[in-house]
Amino acid sequence: MLQIAFLREQKDQVLARLAKRFYANAEQEVNQSIAFDNERKSIQLELDNILRESNEAAKIIGQLMKDGKKEEADQKKSKTAELKSKSKGLEEKLVQVEKQLHDTIIKLPNLPHESVPTGRTPEENEIVYQVEKLPELPETAIPHWDLIKKYDIIDFELGNKISGAGFPVYKGKGAKIQRALINFFLDEADKAGYYEVQPPIVVNAESGYGTGQLPDKDGQMYFINEDNLYLIPTAEVPITNLYRDVILKQEDLPVKVCGYTPCFRREAGSWGAHVRGLNRLHQFDKIEIVRIEMAENSYAALIEMRNHIQGLIEKLGLPFRILRLCGGDMGFTSALTYDFEVYSAAQKRWLEVSSVSNFETFQANRLKLRYKDKEGKNNLLHTLNGSALALPRILASILENNQEEEKIRIPECLWKYTGFESI
RNA sequence: AGAGAGUUGUCCGAGUGGUUUAAGGAGCACGCCUGGAAAGUGUGUAUGCGUCUAAAGCGUAUCGAGGGUUCGAAUCCCUCACUCUCUACCA
């Protein structure tokens, strides 16, 4: 959520930056927010004055009662009745205006960083890096959905039977390579200084709201009606929310946390082309890295995270590229996002395997995540996160890119985790 | 799941309608004292919003959350969340 004070003070800049997203009603919604805020302020001022008067009166009445001057006290009481009805009306109005302000400002997406390219579609993303040569596979190469059948390592039909589409069963070496990837990614994160946590994979609405999945992506999360809980779409939600309503000390920074969780996505309406096999699932595994940084360090941290992810993909030996997302393709809450895509030779297309973003204060403002500086002043922090990495598409590209006539090579960095060198 | 007891500031903890403007203690910060430290001692120590160019100051709200009663609520009433104890169940 954007800060109302910033909208007020830097309206031109806000509108210019929102323009990069081609956000339609920017000017109208910004003006509306400011108008609601003005109204809020004037109501509060009036309300505070009335409350002050009645607080003072209550004190006097208390004193009069004590002194036994009951009649005088009663007289005073009748006067305060009027104040009371007035303050009640104002309170209702205040709540209403605060809600209107909130509902308006919550719709505004984050402001793109100045380096974000202008553009509406994925085609306009900027390619920051790309491997020089794309791998070429022999004519006989097949996509991963055929490979998993050939080697019997992932079973979608079994998953269909016990759960439904998008919930595969990993079997034998398929299951072991999952476990190997999880451990490899966690160990690498650990080496890079990330503190490991194992959070719950269901969260309450407040947490969903804190990181911005709610109200924006309500329909995308599985919801447990009975207990009012959501299945997490990413570990970003529980991990970042560990720091909801927290005021950190400057010496606690930066915060670097990682965690492995299953992730659940309904992906409502997104079935069809390009979602075969492991390309899009309802349940998948992911290792997430999360950082909390002071504003002046957050972009350096983003590059560090990007380099970490790049290192993982390089160790796995996969052909990849890095994109800087254009304004139109960037997520609602992000100020700058880099996407990693791995080339699938058998599918002849790029698959997104990681997304690393700086949210600046957008999440922190909702989370009320701040730090106390040397002067004792509280400031909003910057939050960042990235997938390091999500398993299914990484597994898909390992299978596809490493296939040979009668086996699939396992990247060497995984051998000590799998205990086998090929499938 | 049933019964009971709880939730107060950074922490512990007092407080059952009106000097609570939240006692007292601990911790922390800064000062005094000291050769240095400890002890001692003094002062300070939450958050949001508003007012203000800003700071200070002042106002207002916040004692788990939300609502209610009252001139006045940490205190009384209602709803919800969470914690603990016992019982039941169970990896």
Side-chain angles (χ1 to χ4, degrees), chain A residues 1-11 33-102 104-106 198-210 214 223-230 238 241-253 361 363-381:
Chain A
M1 186 164 61
L2 298 174
Q3 297 164 79
I4 184 67
F6 192 76
L7 257 53
R8 231 174 221 300
E9 287 155 22
Q10 305 283 343
K11 188 171 141 190
S33 300
I34 294 171
F36 282 136
D37 194 46
N38 285 334
E39 202 183 338
R40 178 188 64 88
K41 280 185 182 183
S42 79
I43 293 171
Q44 189 177 339
L45 185 59
E46 199 184 338
L47 175 62
D48 280 358
N49 285 330
I50 288 171
L51 288 175
R52 175 193 196 167
E53 248 185 273
S54 59
N55 284 346
E56 280 166 359
K59 251 176 231 171
I60 293 168
I61 291 168
Q63 193 56 47
L64 289 172
M65 297 289 272
K66 215 174 177 183
D67 297 346
K69 297 173 182 164
K70 193 161 180 310
E71 275 174 39
E72 258 181 81
D74 284 343
Q75 214 176 0
K76 196 89 185 161
K77 272 192 205 177
S78 62
K79 276 189 191 165
T80 57
E82 193 190 334
L83 287 177
K84 209 191 158 184
S85 74
K86 244 196 215 168
S87 74
K88 205 149 201 175
L90 282 172
E91 257 167 43
E92 276 165 22
K93 248 164 90 187
L94 184 64
V95 167
Q96 197 192 331
V97 170
E98 275 174 349
K99 186 175 180 326
Q100 284 173 314
L101 170 61
H102 179 265
T104 309
I105 207 168
I106 198 100
Q198 209 174 80
I201 57 174
V202 295
V203 294
N204 54 29
E206 229 179 331
S207 297
Y209 174 80
L214 293 175
F223 180 61
I224 303 163
N225 197 35
E226 188 107 61
D227 298 295
N228 278 314
L229 294 169
Y230 294 84
N241 272 281
L242 297 175
Y243 295 89
R244 170 150 49 83
D245 265 317
V246 168
I247 300 174
L248 291 165
K249 296 191 208 97
Q250 193 164 337
E251 59 264 33
D252 296 333
L253 296 164
T361 60
Q363 290 183 328
N365 191 32
R366 292 190 185 199
L367 293 160
K368 300 195 190 74
L369 166 54
R370 292 157 289 175
Y371 78 99
K372 197 175 277 297
D373 65 24
K374 300 249 159 71
E375 283 80 48
K377 222 182 127 205
N378 293 330
N379 305 282
L380 287 175
L381 283 157

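Every chain is numbered from 1 and lettered A, B, ... according to where its sequence line falls, protein lines coming before strand lines.
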Take atom [atom1] in [N] and the same atom in [M], then report the distance between them in whole Å.
| N | M | atom1 | result |
| --- | --- | --- | --- |
| B/A56 | B/U51 | P | 16 Å |
| B/U21 | B/C63 | P | 14 Å |
| B/U75 | B/G6 | P | 15 Å |
| B/U83 | B/G31 | P | 43 Å |
| B/A29 | B/A46 | P | 15 Å |
| B/A38 | B/G44 | C1' | 22 Å |
| B/A22 | B/U62 | C1' | 13 Å |
| B/A39 | B/U45 | P | 23 Å |

What residues form a side chain to side chain contact (heavy atoms under 4.5 Å, CB included) with A/Asn55, not counting sequence neighbours?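 Result, side chain to side chain contact (heavy atoms under 4.5 Å, CB included) vs A/Asn55: none returned.
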Close approaches to RNA chain B from residues 200-209 of chain A, in residue order (heavy atom, under 4.0 Å):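 Going residue by residue through residues 200-209 of chain A, none turns out to have a heavy atom under 4.0 Å of RNA chain B.
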Nearest-angstrom distance from the residue atom [atom1] of [X] to [atom2] of [N]:
| X | N | atom1 | atom2 | value |
| --- | --- | --- | --- | --- |
| A/Leu229 | B/A81 | CG | C1' | 12 Å |
| A/Lys249 | B/G27 | NZ | P | 16 Å |
| A/Gln63 | B/U21 | CD | C1' | 14 Å |
| A/Arg244 | B/C82 | CZ | P | 13 Å |
| A/Glu56 | B/C58 | CD | P | 14 Å |
| A/Asp227 | B/A81 | CG | P | 10 Å |
| A/Leu64 | B/G72 | CG | P | 15 Å |

Which residues pass the salt bridge (charged side-chain N to carboxylate O under 4.0 Å, His left out) test with [X], sequence neighbours left out?
| X | result |
| --- | --- |
| A/Lys99 | A/Asp103 |
| A/Arg244 | A/Glu206 |
| A/Asp74 | A/Lys70, A/Lys77 |
| A/Asp37 | A/Arg8, A/Arg40 |

Would you check, one step at a time, whether the test salt bridge (Lys or Arg N to Asp or Glu O under 4.0 Å) holds for A/Lys88 with A/Glu92? CA-CA 6 Å; A/Lys88 205 149 201 175; A/Glu92 276 165 22; over 6 Å; no
Using the 3.5 Å cut-off, write out each protein N or O paired with an N or O of nucleotides 47-52 of chain B and the distance between them.
{"unit_1": "B/U47", "atom_1": "OP1", "unit_2": "A/Lys372", "atom_2": "NZ", "d": "2.5"}
{"unit_1": "B/U47", "atom_1": "OP1", "unit_2": "A/Asn378", "atom_2": "ND2", "d": "2.9"}
{"unit_1": "B/U47", "atom_1": "O3'", "unit_2": "A/Arg370", "atom_2": "NH1", "d": "2.8"}
{"unit_1": "B/G48", "atom_1": "OP1", "unit_2": "A/Arg370", "atom_2": "NH1", "d": "2.8"}
{"unit_1": "B/C49", "atom_1": "O3'", "unit_2": "A/Arg40", "atom_2": "NH1", "d": "3.1"}
{"unit_1": "B/C49", "atom_1": "O3'", "unit_2": "A/Arg40", "atom_2": "NH2", "d": "3.4"}
{"unit_1": "B/C49", "atom_1": "O2'", "unit_2": "A/Arg40", "atom_2": "NH1", "d": "3.3"}
{"unit_1": "B/C49", "atom_1": "O2'", "unit_2": "A/Gln44", "atom_2": "OE1", "d": "2.3"}
{"unit_1": "B/C49", "atom_1": "O2'", "unit_2": "A/Gln44", "atom_2": "NE2", "d": "3.1"}
{"unit_1": "B/C49", "atom_1": "O2", "unit_2": "A/Gln44", "atom_2": "NE2", "d": "3.0"}
{"unit_1": "B/G50", "atom_1": "OP1", "unit_2": "A/Arg40", "atom_2": "NH2", "d": "2.7"}

Requiring both pairing distances under 3.5 angstrom, list the stems that contain RNA chain B and are made of three or more consecutive Watson-Crick or G-U pairs.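 Stem list for RNA chain B: B:1-7 with B:81-87, B:10-12 with B:24-26, B:27-32 with B:40-45, B:46-51 with B:57-62, B:64-68 with B:76-80.
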Regarding A/Lys76 and A/Glu72, does a basic nitrogen lie under 4.0 Å from an acidic carboxylate oxygen?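 So A/Lys76 does not pair with A/Glu72 through a salt bridge.
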Just jot down the ring-ring contact (aromatic ring centres under 6.0 Å, His included) partners of A/Tyr230, sequence neighbours excluded, or say none.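 Testing A/Tyr230 for ring-ring contact (aromatic ring centres under 6.0 Å, His included), a comparison that skips the adjacent residues, returns A/Phe223.
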Are [X] and [Y] packed together at the side-chain level, in the sense that at least one heavy-atom pair is separated by less than 4.5 angstrom?
| X | Y | result |
| --- | --- | --- |
| A/Arg366 | A/Ile106 | yes |
| A/Arg370 | A/Leu380 | yes |
| A/Leu369 | A/Leu248 | yes |
| A/Leu229 | A/Asn204 | yes |

Just how far is it from atom NZ of A/Lys368 to atom CG of A/Asp245, taken to the nearest 0.5 Å?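 One gets 5.5 Å once the value is rounded to the nearest 0.5 Å.
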Residues that A/Glu91 engages under side-chain hydrogen bond (donor to acceptor under 3.5 Å, both in side chains), provided they are two or more places apart: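 Applying side-chain hydrogen bond (donor to acceptor under 3.5 Å, both in side chains) to A/Glu91 gives none.
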Touch check for A/Asn55, heavy atoms < 4.0 angstrom, all strands: base, sugar-phosphate only, or nothing?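 Sugar-phosphate, backbone atoms only, no base.
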Report, one pair per line, the protein and nucleotides 65-71 of chain B atoms (nitrogen or oxygen only) whose separation is under 3.5 Å.
{"unit_1": "B/C71", "atom_1": "O4'", "unit_2": "A/Thr80", "atom_2": "OG1", "d": "3.4"}

Where at least one partner belongs to residues 41-51 of chain A, residue pairs that pass salt bridge (Lys or Arg N to Asp or Glu O under 4.0 Å), sequence neighbours excluded: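 Residue pairs with at least one partner in residues 41-51 of chain A: there are none.
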